Amino acid sequence: MKRKVSKKLFSEARVFLPGGVDSPVRAFKAVGGSPPFIQRGAGPRLYDEDGNVFLDYVCSWGALILGHAHPWVVAAVQDAASRGTSFGAPTALETELARHINQAMPSLEMLRFVNSGTEATMSALRVARAFTGRELVLKFAGGYHGHSDGLLAKAGSGSLTLGLPVCPGVPLAYARTTLVAPYNDLAAVERLFHKYSAKIAAVIIEPVAANMGVVPPRPGFLKGLRQLTRKAGALLIFDEVITGFRVAYGGAQALYEMVPDITCLGKVIGGGLPVGAYGGRRDIMSLVAPMGPVYQAGTLSGNPLSMTAGIQTLKMLEEPMPYQALEERGALLAEGLSRAARKAKVPLQVSRVGSLLTPFFSEQPVTDYASARRADTRRYAAFFQGMLSKGIYLPPSQFEAFFISLAHRDEDIERTVKAAEEVLKGAA
Ligand code: KE4
């Protein structure tokens, strides 16, 4: 695989950009080597600056559920751009996309568009604190909700202590407003509510965890959280930045028949352009300025290009067929990877919900962050590099999710499985 141009571009990028990238995972630190610099995408494929072609299972971290450069999305965005890219003033497009989201997820009675998932979750927590008059927030180990200070917190020394910063620069005071429990452990959440009940403003959760690798909720876990939060007067926030319009048209809340108080969205609703949204019960969202006193703003929030790409994308997802196709392709890939690992006698746990999946190089099933961390990251890195050399671009970390788009055909999945058989054969 030719890499000369990308390597040169990477060294040039490192002069100006920390690590040569604008988001850490892209630098390939977890898998080694230097990243291909992408020239263009089309359908399920990426084309890099050295002329290599890759079958893409990152799909802009889930945003491109239709695949790269879908002609209808590109044409609609080009048309919108010809009328101006941003006005800093209301447009009908924002209401149109909000209507699509509300029809798919009725729990979002009102919502606010922002420009990233980080902004969505950060703002959701502010509204939750304002609505309840409480300060603490409970998240789950291995859950990622963007990089706002309070959410960059890890579990303290004891399981009942306040959070600690995950990195320098996060004030201890901010991290200490965050409680951390193991995912899928309702008893741990109950203990934290027992100790801090009257102070907990909200629980924020990825209803299908995807940032420790894919970890589905155990049966009863989400319903248990709903009961606990309702009883304690805390809000339940679903971070559906990844799962929204991914695991079902109505997201994980439809799949698991849940009604959260606030939902955060991103990725798919922008069709690959910068977007985020937070929304929920009208009595909660009515606190957001200028309707209420909770301030939150954004120069490019609701901009016509992101709105247009989002509307086009959701229009193409509205009927059940796309999700049947995504489910079938997800199952085809998961079964193929498991079969390849069995043949090669390599321990592999493939964790999947629909077209979202992670192959963990582990003997044991993965149900939370602690078990995810027991996966063999060296083996994953070797698998990643072997697949990359065969033209398959996987997420460059064991603790991320594979995303399948509607542009992936069965023959693409079959080619991926064949490549995995060859790579795993040498990995036993
Ligand atoms: P952004 O601020 O990156 O748009 O969204 C933050 C976010 C919030 N909530 C969930 C569940 C998320 O997965 C994310 C961001 N996802 C990562 C992928 N694991 C984005 C990739 C990256 O950080 O470069």
Side-chain angles (χ1 to χ4, degrees), residues 1-42 44-64 68-69 115-119 121-122 142 144-149 151-154 165-171 210-213 241-242 266-267 270 272-276 299-300 306 358 361 373 375-403 423:
M1 189 171 75
K2 303 182 296 299
R3 293 192 163 189
K4 189 158 163 279
V5 177
S6 284
K7 282 189 173 170
K8 179 171 178 297
L9 290 170
F10 195 34
S11 57
E12 288 170 2
R14 285 201 298 267
V15 171
F16 299 104
L17 308 174
V21 293
D22 286 312
S23 201
V25 69
R26 304 178 192 170
F28 277 25
K29 276 199 173 307
V31 292
S34 64
F37 272 54
I38 305 306
Q39 190 180 75
R40 67 185 180 91
R45 286 176 182 75
L46 289 172
Y47 300 77
D48 78 3
E49 297 284 359
D50 286 285
N52 299 305
V53 185
F54 301 101
L55 204 42
D56 179 23
Y57 286 96
V58 174
C59 296
S60 183
W61 299 100
L64 297 171
H68 292 279
N115 297 284
S116 68
T118 295
E119 271 190 272
T121 58
M122 174 177 77
Y144 177 69
H145 307 286
H147 63 87
S148 61
D149 283 333
L151 286 166
L152 288 181
K154 62 186 177 189
V166 292
C167 68
V170 173
N211 284 286
M212 55 178 112
V241 167
I242 282 187
K267 299 184 196 274
L273 270 71
V275 75
T299 302
L300 291 171
S306 297
T358 298
F361 282 80
R373 298 297 293 184
D376 186 332
T377 53
R378 273 181 301 100
R379 260 192 159 161
Y380 182 84
F383 179 62
F384 173 88
Q385 293 296 349
M387 295 294 273
L388 191 70
S389 68
K390 290 180 179 296
I392 313 287
Y393 188 92
L394 303 180
S397 162
Q398 168 71 93
F399 307 114
E400 296 285 359
F402 289 27
F403 296 94
V423 173

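The shown structure was predicted, so the numbers you read here are calculated from the model rather than taken from an experiment.
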Student: CD1 of Ile38 to CG of Leu46: how many Å apart, nearest 0.5 Å?
Tutor: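 Atom-to-atom, Ile38:CD1 and Leu46:CG are 4.5 Å apart.
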Student: Applying side-chain contact (heavy atoms from CB on, under 4.5 Å), can you list everything that pairs with Pro171, at least two apart in sequence or on another chain?
Tutor: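 Scan of Pro171 (side-chain contact (heavy atoms from CB on, under 4.5 Å), adjacent residues dropped) gives Asp149, Tyr174.
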Student: Step by step, work out the side chain to side chain contact (heavy atoms under 4.5 Å, CB included) result for Met1 and Phe54.
Tutor: CA-CA 11 Å; Met1 189 171 75; Phe54 301 101; 3.6 Å; yes
Student: Between atom CG of Leu55 and atom CE of Met387, what is the distance when rounded to the nearest 0.5 Å?
Tutor: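 Going from CG on Leu55 over to CE on Met387, the span is 8.5 Å.
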Student: Looking at every non-hydrogen atom in both residues, tell me the closest pair between Phe10 and Ala27 and how far apart they are.
Tutor: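 Smallest heavy-atom distance, with atoms named: CZ-O, 4.3 Å.
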Student: Going from SG on Cys167 to NZ on Lys154, what distance comes out if it is rounded to the nearest 0.5 angstrom?
Tutor: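 These two atoms lie 9.5 Å from each other.
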Student: Measure across Gly41 and Ala69 and return the closest heavy-atom pair with its distance rounded to 0.1 Å.
Tutor: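 That closest heavy-atom pairing would be O-CB, 3.6 Å.
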Student: Go through the structure and list residues passing ring-ring contact (aromatic ring centres under 6.0 Å, His included) with Tyr57, not counting sequence neighbours.
Tutor: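 Tyr57 satisfies ring-ring contact (aromatic ring centres under 6.0 Å, His included) with His408 only.
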Student: Partners of Ala13 by side-chain contact (heavy atoms from CB on, under 4.5 Å), sequence neighbours excluded?
Tutor: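 Scan of Ala13 (side-chain contact (heavy atoms from CB on, under 4.5 Å), adjacent residues dropped) gives Leu17, Phe37.
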Student: Run Lys267 and Ile242 through side chain to side chain contact (heavy atoms under 4.5 Å, CB included) and show every step you take.
Tutor: CA-CA 7 Å; Lys267 299 184 196 274; Ile242 282 187; 3.6 Å; yes
Student: Would you name the heavy atoms of Val166 and Ala153 that are closest together and state the gap between them?
Tutor: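 So the minimum-distance heavy-atom pair works out to CG1-C, 3.7 Å.
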Student: Looking only at non-hydrogen atoms, find the nearest pair between Ser148 and Thr118 and report the distance.
Tutor: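 Where Ser148 meets Thr118 most closely, the heavy atoms are N-CG2, 3.8 Å.
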Student: In Å and rounded to the nearest 0.5 Å, what is the CZ to CH2 distance from Arg26 to Trp61?
Tutor: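 One finds 9.0 Å between CZ of Arg26 and CH2 of Trp61.
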Student: Just to verify, what does Glu49 make a side chain to side chain donor-acceptor pair (under 3.5 Å) with, not counting sequence neighbours?
Tutor: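 Partners of Glu49 by the side chain to side chain donor-acceptor pair (under 3.5 Å) criterion, ordered by chain and then number, come out as Gln39.
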Student: State which residues pass side chain to side chain donor-acceptor pair (under 3.5 Å) with Asn211; sequence neighbours excluded, sorted by chain then number.
Tutor: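 Side chain to side chain donor-acceptor pair (under 3.5 Å) list for Asn211, sorted by chain: Glu206.
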Student: Gln398 versus Val31: any side-chain heavy-atom pair under 4.5 Å?
Tutor: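 Answer no - side chains too far apart.
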Student: Applying ring-ring contact (aromatic ring centres under 6.0 Å, His included), name anything that partners Phe383, two or more places apart in sequence or on another chain.
Tutor: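 Testing Phe383 for ring-ring contact (aromatic ring centres under 6.0 Å, His included), a comparison that skips the adjacent residues, returns Phe361.
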Student: First locate atom OG1 of Thr377, then atom CZ of Phe399, and finally report the distance between them rounded to the nearest 0.5 Å.
Tutor: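 Those atoms lie 6.0 Å apart.
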Student: Can you name the salt bridge (Lys or Arg N to Asp or Glu O under 4.0 Å) partners of Lys7, sequence neighbours left out?
Tutor: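 Partners of Lys7 under the salt bridge (Lys or Arg N to Asp or Glu O under 4.0 Å) test: none.
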Student: To check you understand the geometry: which heavy-atom pair defines the closest contact between Asn115 and Leu300, and what is its length?
Tutor: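 Closest approach of Asn115 to Leu300, heavy atoms only: OD1-O, 3.1 Å.
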Student: Taking side-chain contact (heavy atoms from CB on, under 4.5 Å) as the definition, give me every residue that meets it alongside Pro274, ordered by chain and number, with sequence neighbours left out.
Tutor: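 side-chain contact (heavy atoms from CB on, under 4.5 Å) list for Pro274, sorted by chain: Ser306.
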Student: Can you sort out the partners of Phe384 under ring-ring contact (aromatic ring centres under 6.0 Å, His included), two or more places apart, ordered by chain and number?
Tutor: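 Residues passing ring-ring contact (aromatic ring centres under 6.0 Å, His included) with Phe384: Phe28.
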Student: Would you indicate whether the side-chain heavy atoms of Pro36 and Tyr393 approach each other to under 4.5 Å?
Tutor: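 Heavy-atom side-chain distance check passes, below 4.5 Å.
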Student: Looking at every heavy atom in both Ala30 and Ala381, which two are closest together, and how far apart are they?
Tutor: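 Heavy atoms of Ala30 and Ala381 come nearest at O-CB, 3.9 Å.
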Student: Roughly how far, to the nearest 0.5 Å, is CD of Glu119 from NE2 of His147?
Tutor: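 His147 NE2 to Glu119 CD: 9.0 Å, rounded to 0.5 Å.
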Student: Within the supplied structure, the quantity of interest is the number of heavy atoms (other residues, nucleotides, ligands) at a distance under 6.0 Å from Arg378 CZ; does it exceed 12?
Tutor: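 It does not: Arg378 CZ has 12 such atoms or fewer within range.
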Student: Partners of Lys2 by side-chain contact (heavy atoms from CB on, under 4.5 Å), sequence neighbours excluded?
Tutor: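 In terms of side-chain contact (heavy atoms from CB on, under 4.5 Å), with neighbours along the sequence ignored, Lys2 is linked to Asp50, Asn52.
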Student: For a 4.5 angstrom cut-off between non-hydrogen side-chain atoms, does Asp56 reach Phe403?
Tutor: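 In short, these two side chains do not touch, never coming nearer than 4.5 Å.
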Student: Of all residues at least two apart in sequence or in a different chain, which pass the salt bridge (Lys or Arg N to Asp or Glu O under 4.0 Å) check with Arg45?
Tutor: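 In terms of salt bridge (Lys or Arg N to Asp or Glu O under 4.0 Å), with neighbours along the sequence ignored, Arg45 is linked to Asp412.
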Student: With Lys8, which residues qualify under salt bridge (Lys or Arg N to Asp or Glu O under 4.0 Å), at least two apart?
Tutor: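 Result, salt bridge (Lys or Arg N to Asp or Glu O under 4.0 Å) vs Lys8: Glu12.
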